[in-house]
Amino acid sequence: MIENWFSERYSDNLQLSFRIKDQLLSVKTDFQRIDLFDTYDFGKLLTIDGTVQLTDRDEFVYHEMITMVPYYFTKKKPEKALIIGGGDGGAAKTLLGLGFKRIVNVEIDSQVVEVSKRFFPELSSAFDDPKVELIIGDGIKYAKTSDEKFDVVIIDSTDPVGPAEGLFNKEFYKGVKNLISDRGVVVSQSGSPFYQPNALKLAYSGMKEVFDDVRVYTAFIPTYPSGFWSFTMASSGTLSPRNEEVKSMQYFNGEVLEGSFKLPQFVRELLKKT
Ligand code: AG3
């Protein structure tokens with residue numbers, strides 16, 4: 001019997017493999033390669049340049065954690081959000097559920113949006129909502145040139161190699177800072193502290209140079225390297241959660257909001273050194 005597998009390589013000696021029923025698509029775009037698989041255990045799986053971006057079964061963890069945590073850290077209830085990356089629509093969809101009035105989503109690769117419309121229609125339906133403005137363009141340029149203000153800025157990028165490299169440095173964060181309203185927040189996915197300490201270091205040290213307060217939180221995302229994932233959040237002024245009842249989602253709840261900031265010692269050491 002022939003078995004088909006997709007593997008994300010973490011190193012020469014380690015990989016995570018999904019047994020697949022079928023490969024549904026493979027496209028080489030101007031920016032990257034996008035593949036879509038139908039897996040046995042995780043439903044549909046989207047990869048970019050061989051790295052797992054989302055699956056039907058566990059996308060909720062990532063999308064809740066990249067939106068719900070910053071939501072509770074703005075001074076007043078946030079209304080306007082900017083998403084950089086996030087072409088699948090998952091982050092926008094969760095923000096719509098929180099009552100945001102305007103969401104600008106800047107995605108560099110129109111093909112990510114197209115693929116998501118075909119294979120993750122529930123997520124990409126966010127782009128049909130009139131409150132969401134989808135811009136196909138370069139987030140770095142957008143951050144430099146826009147003068148709109150947002151309460152929450154979400155950097156939903158790929159790993160800091162290739163097109164996303166420029167989303168993990170001080171120059172970019174400076175641009176982002178100009179787009180944030182009074183006591184608004186920015187959050188970026190910042191990789192696996194275990195396998196990609198560099199991603200976390202880049203995000204943390206870059207934000208430290210630009211913002212007054214920077215905090216790291218983590219979540220359990222089964223299909224990402226090591227399953228242990230970090231997010232880095234920053235603001236001008238001190239970060240503190242609003243005193244407000246916390247919504248329970250599928251992963252996120254009040255305990256997670258608190259607990260996700262409790263970091264293992266090796267992560268604290270890593271941050272101390274940056
Ligand atoms: N963006 C973050 C994915 C990073 C995964 N890295 C990896 N598998 N090596 C996810 C996009 C979902 N909106």
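Throughout, numbering of the chain's residues begins at 1 and tracks the sequence. Basis for what follows: all heavy atoms, side chains included, without hydrogens, waters or symmetry-related copies.
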Could you tell me if the side chain of [Y] sits less than 4.5 Å from the side chain of [X], heavy atoms only?
X: Y173; Y: I155; value: yes
X: W229; Y: V61; value: no
X: L98; Y: M68; value: yes
X: V176; Y: V210; value: no
X: F120; Y: L36; value: yes
X: Q23; Y: L45; value: no
X: Q32; Y: V112; value: yes
X: T223; Y: E8; value: no

- Quick one: do E64 and V256 satisfy side-chain contact (heavy atoms from CB on, under 4.5 Å)? Show the steps, please. CA-CA 11 Å; E64 287 177 17; V256 167; over 6 Å; no
Could you pull out the closest heavy-atom pair between [X] and [Y], with the gap in Å?
X: R19; Y: W5; value: N-CE3, 3.3 Å
X: S146; Y: L179; value: O-CD2, 3.3 Å
X: G85; Y: N105; value: O-ND2, 2.7 Å
X: K247; Y: G97; value: NZ-O, 3.3 Å
X: V152; Y: P78; value: CG2-CB, 3.9 Å
X: I136; Y: S110; value: CD1-CA, 3.8 Å

Give the intermediate values and the outcome of side-chain contact (heavy atoms from CB on, under 4.5 Å) for residues L271 and L263.
-> CA-CA 10 Å; L271 299 178; L263 303 175; 3.8 Å; yes
Got more than 12 heavy atoms from elsewhere within 6.0 Å of [atom1], [X]?
X: E269; atom1: CD; value: yes
X: R242; atom1: CZ; value: yes
X: K262; atom1: NZ; value: no
X: K77; atom1: NZ; value: yes

Between [atom1] on residue [X] and [atom2] on residue [Y], distance to nearest 0.5 Å:
X: S17; Y: N4; atom1: OG; atom2: CG; result: 12.0 Å
X: I108; Y: L167; atom1: CD1; atom2: CG; result: 8.0 Å
X: Q53; Y: E59; atom1: CD; atom2: CD; result: 13.0 Å
X: L239; Y: R183; atom1: CG; atom2: CZ; result: 8.5 Å
X: S235; Y: K75; atom1: OG; atom2: NZ; result: 10.5 Å
X: I221; Y: H63; atom1: CD1; atom2: NE2; result: 9.0 Å

Joint hydrophobic cluster, [X] plus [Y], side-chain heavy atoms closer than 4.5 Å:
X: V214; Y: F73; value: yes
X: L202; Y: I140; value: yes
X: F172; Y: V104; value: yes
X: L96; Y: L54; value: no
X: V113; Y: L25; value: no

Between [X] and [Y], is there a side-chain N and carboxylate O pair less than 4.0 Å apart?
X: R57; Y: D41; answer: no
X: R215; Y: D213; answer: no
X: K80; Y: E148; answer: yes

Determine yes or no for a side-chain-to-main-chain donor-acceptor pair under 3.5 angstrom, with [X] supplying the side chain and [Y] the backbone.
X: T39; Y: G43; value: yes
X: K170; Y: E209; value: no
X: N253; Y: E255; value: yes
X: Y251; Y: F220; value: yes
X: Q196; Y: G191; value: no
X: T74; Y: P70; value: no
X: D88; Y: S124; value: no
X: Q189; Y: S157; value: yes

- Item | Verdict with reasoning, V216 to Y204, per side-chain contact (heavy atoms from CB on, under 4.5 Å) | CA-CA 8 Å; V216 172; Y204 187 74; 3.7 Å; yes
So, for Y10 and Y195, is the gap between ring centers shorter than 6.0 Å?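 Close enough - the centres of the two rings lie under 6.0 Å apart.
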| said: Is it true that S190 and S230 share a donor-acceptor pair across their side chains at a distance under 3.5 Å? | reply: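 Checked: S230/S190 side chains pair up, N/O donor to acceptor below 3.5 Å.
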Donor-acceptor pair between D212 and S236 side chains, under 3.5 angstrom: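 Distance-only check fails for D212 and S236.
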Next item on the list: Start with the C-alpha gap between F6 and F37, add the side-chain angles, then the distance that decides, and say whether ring-ring contact (aromatic ring centres under 6.0 Å, His included) holds.
Entry: CA-CA 8 Å; F6 162 78; F37 302 94; 4.8 Å; yes
message = Could you go through S116 and L46, starting from their C-alpha distance and side-chain angles, then the distance that decides it, and tell me whether this counts as side-chain contact (heavy atoms from CB on, under 4.5 Å)?
response = CA-CA 9 Å; S116 184; L46 177 103; over 6 Å; no
Once the angle between the rings of F266 and F228 is folded into 0 to 90°, is it parallel (under 30°), tilted (30 to 60°) or perpendicular (over 60°)?
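Tilted: the ring planes of F266 and F228 meet at 30° to 60°.
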I need the single residue from Y217, Y71, Y72, F231 that forms a ring pair (Phe, Tyr, Trp, His ring centres under 6.0 Å) with F252. Which is it?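 The option that passes is Y72.
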Q.
I need the single residue from K149, K101, K131 that forms a salt bridge (Lys or Arg N to Asp or Glu O under 4.0 Å) with E79. Which is it?
A.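 Of K149, K101, K131, salt bridge (Lys or Arg N to Asp or Glu O under 4.0 Å) with E79 is met by K101 alone.
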Quick check on salt bridge (Lys or Arg N to Asp or Glu O under 4.0 Å): which of D38, D56, D22 does K44 satisfy it with?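 Among D38, D56, D22, the one that satisfies the salt bridge (Lys or Arg N to Asp or Glu O under 4.0 Å) with K44 is D56.
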Going by side chain to side chain contact (heavy atoms under 4.5 Å, CB included), T67 matches just one of D156, I154, V187. Which one?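 Checked D156, I154, V187 against T67; only one passes side chain to side chain contact (heavy atoms under 4.5 Å, CB included): I154.
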- Report the C-alpha separation of T55 and D58 in whole Å, then their side-chain angles, then the decisive distance to 0.1 Å, and conclude whether the side-chain hydrogen bond (donor to acceptor under 3.5 Å, both in side chains) test is met. CA-CA 6 Å; T55 77; D58 72 344; 2.6 Å; yes
